Amino acid sequence: MEKSNTGHTAAGFKTYIITWIALVMLTALTIAVTKFEFGAASILVALAIASVKSGLILYFFMHLRYENWFFKLAFLLPILVFALSIWFTFLDVWYR
Amino acid sequence: MKEDRENRKADRGFWIYEGGKTGLFSWIFTTDHKRIGILYLTSLAVFFAAGVTFGILMRLELISPGKTIMSASTYNSIFTVHGVIMIFLFIIPGIPVSLGNFLLPLQIGARDVAFPRINLLSWWLYIAGGIIALLSLFTGTGPPDTGWTFYAPYSIRTGTNVSLAVFAAFVLGFSSILTGMNFITTIHRLRAPGMTWFRIPLFVWTLYATAWVQILATPILAITLLLIILERFFGMGLFDPAKGGDPVLYQHLFWIYSHPAVYIMIVPAMGVVTEIIPVFARRTVFGYKAIAFSSIGIAAVGFFVWGHHMFTSGISDTSKVIFSLLTFLVAIPSGIKVFNWVASLYKGSIKVDTPLLYVISFIFLFCIGGLTGLINGTLATNIHIHGTHFIVAHFHYVMFGGTAFAFFAGIHYWFPKIFGRMYSEARAKLAWLFLFIGFNVLYFPMFIVGWQGMPRRYYDYLPEFHNLNFISTTGSWILAVGLILLFANLIRSVRKGEIAGSNPWKGTTLEWTVPSPPPVENFEEIPTVTHGPYKYE
Amino acid sequence: MEDTLNNTAEHHRDYTGAKMGMWLFLFTEMLLFGGMFILYAVYRFEYPADFHTAAKELDTTLGAVNTLILLTSSLTMALSIAALQKNRKRLSLVFQVVTMLLGAAFLGNKYVEWGAKIHHGIYPNSGHLLSLGKGQILFYGLYFIMTGLHGLHVLIGIGVFLFMFYFTKSGTVAEDNSVKLENAGLYWHLVDIIWVFLFPLFYLIT
């Protein structure tokens with residue numbers, strides 16, 4: 001049971017504030033792009049922006065950048081399970 | 001904990017320790033993984049007994065065509081309750097929470113699990129879920145009659161007490177999630193020095209794979225069950241065709257959890273089997289890594305085969321073909337395990353004591369259950385046998401013949417460790433004989449009547465199925481005698497058995513290095529591990 | 001539950017273990033909402049026009065304001081941990097209070113929003129809603145369940161922060177032992193992430 005450093009990563013206030021500014025700007029962007037017609041792709045644009053925002057929150061706010069390999073890798077598991085579940089469900093819905 | 005060490009008597013280990021609390025409170029508020037394991041073992045036995053009782057009643061109704069002892073609606077409720085209890089209260093928690101809780105820290109050289117208090121909370125949630133499930137039988141508008149799958153839209157419309165039963169399953173799911181979280185963290189963080197990933201016993205590997213499935217699949221069930229409750233109270237319409245909802249989507253969501261749940265049930269059982277074989281064959285296990293990775297493989301592929309429960313639900317042909325294909329893929333890691341077990345026995349100095357007897361029956365029964373699973377997974381034959389007793393026979397061969405037999409094997413194997421005493425070998429073997437014969441007499445005829453077309457979940461059947469159903473019901477009595485003998489022998493031995501000593505089987509995993517029963521702190525000193533788990537000369 | 005988790009962690013002083021437990025719990029949260037997103041995806045695929053019409057009824061401004069509120073609360077959350085780790089306890093407490101207030105403001109907005117919908121006769125199983133297209137019934141069904149479940153998580157988060165405030169004040173959570181607060185923060189950020197997806201999927205369908 002070694003004592004790990006993860007409890008003691010003192011990130012600066014500045015990083016967090018910059019992250020927040022980026023998040024607010026991305027929110028503005030996701031609202032702004034609704035003015036344009038992307039057709040069916042609009043949901044992809046919205047999801048892409050939302051994913052970038054989540055990435056920022058995960059990486060900076062949730063300290064994923066300081067964590068060891070387990071956290072970074074394990075995080076992909078629920079995403080993989082979700083993505084594949086939705087894909088397999090759509091194999092039914094799409095071709096029904 | 002440490003300050004109370006002098007209180008314990010050496011030979012009773014954790015059974016004596018009471019740590020400030022007395023009597024019942026020293027049990028139901030304990031954070032000792034061993035005591036929580038015992039709590040679970042006891043509660044599982046109670047729910048198992050209830051489930052068996054309902055099962056025997058069902059068989060009694062089916063002893064002859066027409067109404068025998070109960071009405072159609074009572075029969076519907078009883079098979080629902082039998083399913084709910086056996087699935088959610090016995091076999092899903094089953095091996096991990098009882099044997100797993102007791103042995104995981106011992107096998108990896110730890111003093112407890114990572115979150116002892118959450119471990120206790122899991123048990124409390126489990127008991128709460130169990131009580132709510134039982135309440136759903138006696139309160140409200142009658143026991144649920146949907147089958148354990150709670151299929152929409154019937155589960156939304158039926159007047160029976162479905163909401164409470166569903167809520168029980170929801171609470172039990174939460175308990176399961178917390179156990180999974182606890183085990184993963186324990187295995188990552190609390191292994192003894194030198195206990196590398198390929199030195200942990202294979203039972204721990206299976207617990208690890210299972211815990212991941214618990215974490216990643218259970219929440220989907222939680223939300224699905226929550227939706228059923230919301231539908232019933234507010235009429236949201238998500239699964240109601242009249243409001244645009246799609247009942248088949250309910251089935252998707254349900255099986256996204258409930259198929260992986262099948263692997264929550266069977267994979268730890270495979271772990272138990274893998275622990276026992278090397279000890280009674282006196283040689284190291286064949287293909288350690290193959291067995292370890294096949295556990296992970298089964299867990300991973302098992303996530304994406306759920307559609308094979310829905311071949312007749314009107315899902316698209318494309319998805320049927322893919323789900324069928326993936327179903328066959330699961331057979332590969334399962335097959336790897338079976339071959340490894342057999343290879344581990346090959347040229348060993350085999351001693352057929354009770355645990356190995358159960359293990360060998362496990363392999364035999366699991367093979368029947370597994371191979372008939374491939375028949376079910378084939379698209380064309382599935383149409384013929386879907387919803388018949390063939391399916392009932394198949395999953396009882398896997399779940400009862402597989403998981404429960406492995407559970408019995410594990411209980412007999414670790415009994416001397418847990419209780420410090422040995423059971424009567426002759427009586428245990430007699431109980432096994434009754435169980436094994438009873439089991440096959442009970443379930444094998446179901447393959448035949450199912451193939452001939454007798455549907456499941458009906459209290460009545462055509463006269464031509466009478467003979468086989470009669471044989472099957474007779475089997476249920478033989479099985480019941482076997483269970484009574486088994487439990488009577490074990491319960492008697494808790495007090496009257498011979499003192500077992502710390503390592504009666506000459507096992508080589510860490511739990512056999514500590515006294516039986518283990519002391520409160522498990523290890524006087526945390527061991528340093530220098531070799532793999534199964535080292536025999 | 002966070003409470004037990006972290007007390008134990010504190011007992012063992014295994015920071016990584018405590019965080020690992022919390023992350024695993026967050027995975028289950030992700031998949032809990034994941035199940036709902038599967039439903040959303042299928043129904044949006046089946047009824048694109050109805051989803052479009054129904055989404056127009058939602059107040060984008062209110063949704064955007066709530067997004068800002070939640071993002072800002074995530075910032076103050078992160079700042080309160082940073083402040084504690086720099087051993088500035090008072091500042092950390094202030095940030096925790098601001099986080100809670102922002103969470104409450106989010107719920108206040110949600111109350112106004114739901115209230116307006118219900119006032120217009122749009123609630124599950126209402127006569128008006130049933131008279132709309134099937135896709136709209138499903139859209140609002142999902143809307144109420146998903147935002148409701150999310151709101152419940154915000155409420156639980158505020159409850160957790162009340163404990164954290166108490167712990168920080170009493171010194172149980174401190175500069176050298178901040179894992180409880182960090183785990184509470186992880187939970188809060190995840191709730192934020194879920195909203196980041198809910199916002200475009202419900203308010204911004206074009």
Side-chain angles (χ1 to χ4, degrees), chain A residues 1-13 15-17 19-21 23-24 26-28 30-31 33-40 42-43 45-47 49-51 53-54 57-58 60-64 67-68 70-71 74-75 77-79 81-83 85-86 89-90 92-94, chain C residues 12-20 23-24 26-31 34-35 37-38 41-42 44-46 48 60 63-64 67-68 71-72 74-79 81-86 175-179 182 185-186 188-190 192-194 196-201 203-206:
Chain A
M1 256 189 285
E2 83 273 28
K3 192 168 172 180
S4 147
N5 283 328
T6 45
H8 295 275
T9 37
F13 292 158
T15 324
Y16 292 132
I17 292 169
T19 311
W20 176 76
I21 292 170
L23 287 168
V24 172
L26 283 168
T27 309
T30 193
I31 298 170
V33 293
T34 58
K35 301 282 184 291
F36 302 99
E37 282 295 331
F38 291 113
S42 67
I43 186 164
V45 175
L47 286 178
I49 296 176
S51 304
K53 285 167 77 178
S54 314
I57 296 176
L58 281 164
F60 292 105
F61 283 172
M62 296 171 86
H63 296 169
L64 210 50
E67 303 291 6
N68 64 30
F70 171 81
F71 293 89
F75 184 75
L77 270 176
I79 296 175
V81 168
F82 173 70
S85 296
I86 212 164
T89 310
F90 265 81
D92 167 27
V93 178
W94 194 286
Chain C
H12 287 291
R13 293 274 172 176
D14 181 8
Y15 284 90
T16 307
K19 280 201 157 181
M20 191 178 277
W23 274 97
L24 292 170
L26 294 186
F27 295 167
T28 70
E29 290 280 3
M30 286 163 68
L31 285 159
F37 280 115
I38 293 176
V42 173
R44 180 163 172 171
F45 170 76
E46 283 178 356
T60 312
T67 310
L68 278 183
L71 288 176
T72 314
S74 255
L75 171 69
T76 55
M77 178 67 240
L79 290 177
I81 295 170
L84 192 72
Q85 285 170 348
K86 292 179 198 303
E175 185 255 337
D176 60 343
N177 185 18
S178 57
V179 75
E182 285 183 59
L186 286 177
W188 190 257
H189 295 311
L190 187 89
D192 192 14
I193 287 180
I194 288 161
V196 161
F197 282 95
L198 288 179
F199 173 60
L201 289 178
Y203 296 81
L204 302 175
I205 305 181
T206 51

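Chain naming here is simple, since letters A, B, ... match the order of the sequence lines and numbering starts at 1 in each. The structure presented is a predicted model; accordingly, all values stated were derived computationally and were not measured.
The parts of A:L47 that come within reach of chain C are both its backbone and its side chain, each placing non-hydrogen atoms under 4.5 angstrom from that chain. C:Y203 does not touch chain A: none of its heavy atoms, backbone or side chain, sits under 4.5 Å away. For a residue to count as touching a neighbouring chain, one of its non-hydrogen atoms must lie under 4.5 Å from one of that chain's; by this rule A:I17 touches chain C with backbone and side chain alike. Proximity to chain C (any heavy atom under 4.5 Å) is shown, for A:T34, by both the backbone and the side chain. Within the 4.5 angstrom heavy-atom criterion, only side-chain atoms of A:L64, from C-beta onward, approach chain C. Proximity to chain A is absent for every atom of C:M77, based on heavy atoms less than 4.5 angstrom apart. Neither the backbone nor the side chain of C:I194 comes within contact range of chain A; no heavy atom of the residue lies under 4.5 Å from a heavy atom of that chain. Both the backbone and the side chain of C:T72 come within contact range of chain A, judged by heavy atoms closer than 4.5 Å. In this structure, no portion of A:T19 lies under 4.5 Å from any heavy atom of chain C. Using a 4.5 Å cut-off between heavy atoms, C:L201 touches chain A through its side chain atoms alone. Heavy atoms closer than 4.5 Å to chain A are found in the side chain of C:T67, but not in its backbone.
For the atom pair A:L23 CG and C:L71 CG, the distance stands at 5.0 Å (nearest 0.5 Å). In this structure, OG1 on C:T16 lies 6.5 Å from CG on A:N68, to the nearest 0.5 angstrom. Between the CG atom in C:L186 and the CD1 atom in A:I57 there is a gap of 12.0 Å [rounded to 0.5 Å]. Atom CG of C:L79 sits about 10.5 Å away from atom CH2 of A:W20, to the nearest 0.5 Å. The line from CD1 of C:I193 to CE of A:M62 is 5.0 Å long, rounded to the nearest 0.5 Å. To the nearest 0.5 Å, atom NE2 of residue C:H189 and atom CG of residue A:L58 are 10.0 Å apart.
You'll find the side chain of A:F82 stays beyond 4.5 Å of the side chain of C:M30, heavy atoms only. Between C:F27 and A:V81, the closest side-chain pair of non-hydrogen atoms is not below 4.5 Å. A heavy-atom distance below 4.5 Å is not found between the side chains of A:I49 and C:P200.
Residues A:F70 and C:L24 approach most closely at CZ-CD2, 4.5 Å, considering heavy atoms. Of all heavy-atom pairs between A:A50 and C:V196, the closest is O-CG1, 3.5 Å. In terms of heavy-atom proximity, C:E46 sits nearest to A:V93 at OE2-CG1, 3.7 Å. In terms of heavy-atom proximity, A:E67 sits nearest to C:W23 at OE2-NE1, 4.3 Å. Closest approach of A:P78 to C:L31, counting heavy atoms only: O-CD2, 3.8 Å. Shown here for A:F13 and C:A82, the closest heavy-atom pair between the two residues is CE2-CB, 3.5 Å.
In terms of heavy-atom pairs under 4.5 angstrom with chain A, the leader among C:V42, C:L68, C:I205, C:L190 is C:V42. Your options are A:I31, A:I79, A:T89, and the one with the most heavy-atom pairs under 4.5 Å with chain C is A:I31. Note: C:A41 leads C:G185, C:A64, C:A41, C:G63 in heavy-atom pairs under 4.5 Å with chain A.
Side-chain rings of A:F61 and C:W188 stay apart, their centers remaining 6.0 Å or farther from each other.
Aromatic ring pairs are classed by plane angle as parallel below 30°, tilted from 30° to 60° and perpendicular above 60°; the pair A:F90 and C:F45 is perpendicular.
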